[in-house]
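Working notes, beginning with the structure itself.
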Protein chains: 2
Amino acid sequence: MPRLAAGDRREALVEAALRVMGRDGLAAGTTRAVVAEAGMSLASFHYVFASRDELLAELVRRVVGRELATATAALDAAAIDPAAGPADCLRAAARGYLGHLEADPGAEQLMLELTLHAVREPDLRPVAREQYRAYAAAAAALLERAAARTGARWRGPLAEPARVLVTLVDGATTTWLVDRDTAATRATLDAAVDLLVARYAVVPA
Amino acid sequence: MPRLAAGDRREALVEAALRVMGRDGLAAGTTRAVVAEAGMSLASFHYVFASRDELLAELVRRVVGRELATATAALDAAAIDPAAGPADCLRAAARGYLGHLEADPGAEQLMLELTLHAVREPDLRPVAREQYRAYAAAAAALLERAAARTGARWRGPLAEPARVLVTLVDGATTTWLVDRDTAATRATLDAAVDLLVARYAVVPA
DNA sequence: AGCGTACTGGGACGCTTGACCCACTTCGCC
DNA sequence: GGCGAAGTGGGTCAAGCGTCCCAGTACGCT
């Protein structure tokens, strides 16, 4: 059987954990369940990770990176129309995220579960903070890019609307996970985007 | 030692569970931890509750009721000033909630944890749905009351702004739990309230 | 060919979990 | 005074947990 390099096995375990926990929840992602999903033995797990917490921390970093990439891609794909305003761009990005959420609800739910877990565990708390700092930065970058592509600009510091955006996406995710009402969530996000642009953007005539 | 009626012991166990889980998280609320907090034996637990899940379901209902009462009280207390507009009312309600969140973060975090858990468990899923239906209804009532007290009225059906409100509060809670930045969260909520009123309210001159 | 490092299989350890059970006590009521 | 229902103490059960360990295997390098 072919040997895997240590880094690859780390990767494989993270991927396996993502599948198991996305499917059945954070609590279901025991070390045993994870290694079973990855087709490895327990020893391999503790050879690569010092502890389950280390896996969890890596998990957060990995998925955050993936989310950010998704959002950016959605925005880029949206800004093709030269007549589009910043609201159109952001709406498209929001829809992109919603599609991502619908396609794999477990992954997003897992992120929420991980965040809540990380806030409780002193060792993991910094990870959660970093996660939300990354979200805020990504939101700011998103706003900036949307403005740049449409010739608009933002009033005042970006931090405030960026935080509103993060709050919105977070809340929309939770709400959608409960009632799975995509139409209502889309309407909420659309309205919120309009509101955001109306307040913070300066759109050239 | 004085006997407690069955209903009282149910109540006492719920209260104990709330303390334990609010302090250390949903996962820490094992049956043993709960009965220890309540000063009872395991047998008493299973005499009153058929299972841990039954406790969890009751927990959600209990706390939801409490939250709604808090929000309504905050709104009522806020609408004293006759010159206040709907935005002032809602801002006050938001601040009331934020104060409540600061005073007992564990309780709100627990609600989030419970919701996420309920969404995963088929048996508990209806409870989560009902919970968010209650939130939406409460948000609608809040909007209605804010309008009534200030002589304003809302454009279109209340469901849409109500959903935005729920989304907002949910997201703000999560974000605050991570970074504990009260000022930023307050700013976010204030801005969001302004946005909401600007879009959905008809304020008389 | 042989050595040392990298890796793995499988079992074990000590502990906690939700659930259950049964002998026992307490109490209102006849 | 005694009976039956209500409630409890404490132990038990099987299952599952994270972690650890060690004997063994496979491979790259000299």
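The chains referred to below are lettered A, B, ... by the order of the sequence lines, with proteins before strands, and numbering in each begins at 1.
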Open item on the list: Less than 3.5 Å apart, any donor N or O on the side chain of Arg163(B) or Thr185(A) sitting next to an acceptor on the other?
Closed with: yes

Open item on the list: Could you tell me if the side chain of Asp194(A) sits less than 4.5 Å from the side chain of Arg91(A), heavy atoms only?
Closed with: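 Yes - at least one pair of side-chain heavy atoms lies under 4.5 Å apart.
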
TODO: Report yes if some heavy atom in the side chain of Val193(B) is under 4.5 Å from a heavy atom in the side chain of Asp190(B); otherwise report no.
DONE: no

Open item on the list: Quick check: closest heavy atoms across Ala172(B) and Thr167(A), and the distance to 0.1 Å?
Closed with: N-CG2, 3.2 Å

- [ ] For Ser41(B), answer base if it contacts any base atom (sugar-phosphate contacts may also be present), sugar-phosphate if it contacts only those atoms, and nothing otherwise; contact means non-hydrogen atoms under 4.0 Å.
- [x]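 Contact class for Ser41(B): base.
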
Task: Sugar-phosphate only, base, or nothing, as touched by Thr30(A) at under 4.0 Å among non-hydrogen atoms - done: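 Since only primed, P, OP1 and OP2 atoms lie under 4.0 Å of Thr30(A), the category is sugar-phosphate.
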
TODO: Sorted by first residue and then second, give each ring pair (Phe, Tyr, Trp, His ring centres under 6.0 Å) pair with at least one member in residues 158-177 of chain A; sequence neighbours left out.
DONE: none

Open item on the list: If I take atom CD from residue Glu11(B) and atom CD from residue Glu58(B), how far apart are they, to the nearest 0.5 angstrom?
Closed with: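 Answer rounded to 0.5 Å: 8.5 Å.
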
Open item on the list: If I take atom OG1 from residue Thr173(A) and atom CD from residue Gln109(A), how far apart are they, to the nearest 0.5 angstrom?
Closed with: 10.5 Å

Identify the pairs formed between an N or O of the protein and an N or O of nucleotides 19-24 of chain D at a distance under 3.5 Å, and give each distance.
{"residue": "dT19(D)", "atom": "OP2", "partner": "Arg52(A)", "partner atom": "N", "Å": "3.1"}

TODO: Check whether more than 12 heavy atoms from other residues, nucleotides or ligands sit under 6.0 Å from atom CZ of Arg180(B), and answer yes or no.
DONE: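 For Arg180(B), atom CZ is crowded (more than 12 foreign heavy atoms under 6.0 Å).
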
Open item on the list: Considering only residues two or more places apart or on different chains, which pairs with a residue in residues 123-141 of chain B satisfy side-chain hydrogen bond (donor to acceptor under 3.5 Å, both in side chains)?
Closed with: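 Checked against side-chain hydrogen bond (donor to acceptor under 3.5 Å, both in side chains) - neighbours excluded - the pairs reaching residues 123-141 of chain B are Glu67(B)-Tyr135(B), Thr115(B)-Gln131(B), Gln131(B)-Tyr135(B), Tyr132(B)-Asp170(B).
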
Open item on the list: Quick check on contacts: within residues 13-24 of chain B, what sits under 4.0 Å from DNA chain D by heavy-atom distance?
Closed with: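 Per residue number, the list is empty: none.
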
Task: Whole angstrom value for the distance that separates P of dT17(C) from CG of Leu26(B) - done: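 Computing the Leu26(B):CG to dT17(C):P distance gives 13 Å.
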
Task: Near-strand residues of residues 119-128 of chain A, defined as heavy-atom separation under 4.0 angstrom from DNA chain C - done: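 Those residues: none at all.
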
For residues 17-26 of chain B, which side-chain N or O atoms pair as donor and acceptor with protein atoms under 3.5 Å away, sequence neighbours left out?
{"residue": "Arg19(B)", "atom": "NE", "partner": "Glu37(B)", "partner atom": "OE2", "Å": "2.7"}
{"residue": "Arg23(B)", "atom": "NH2", "partner": "Glu37(B)", "partner atom": "OE1", "Å": "3.0"}
{"residue": "Arg23(B)", "atom": "NH2", "partner": "Glu37(B)", "partner atom": "OE2", "Å": "3.4"}

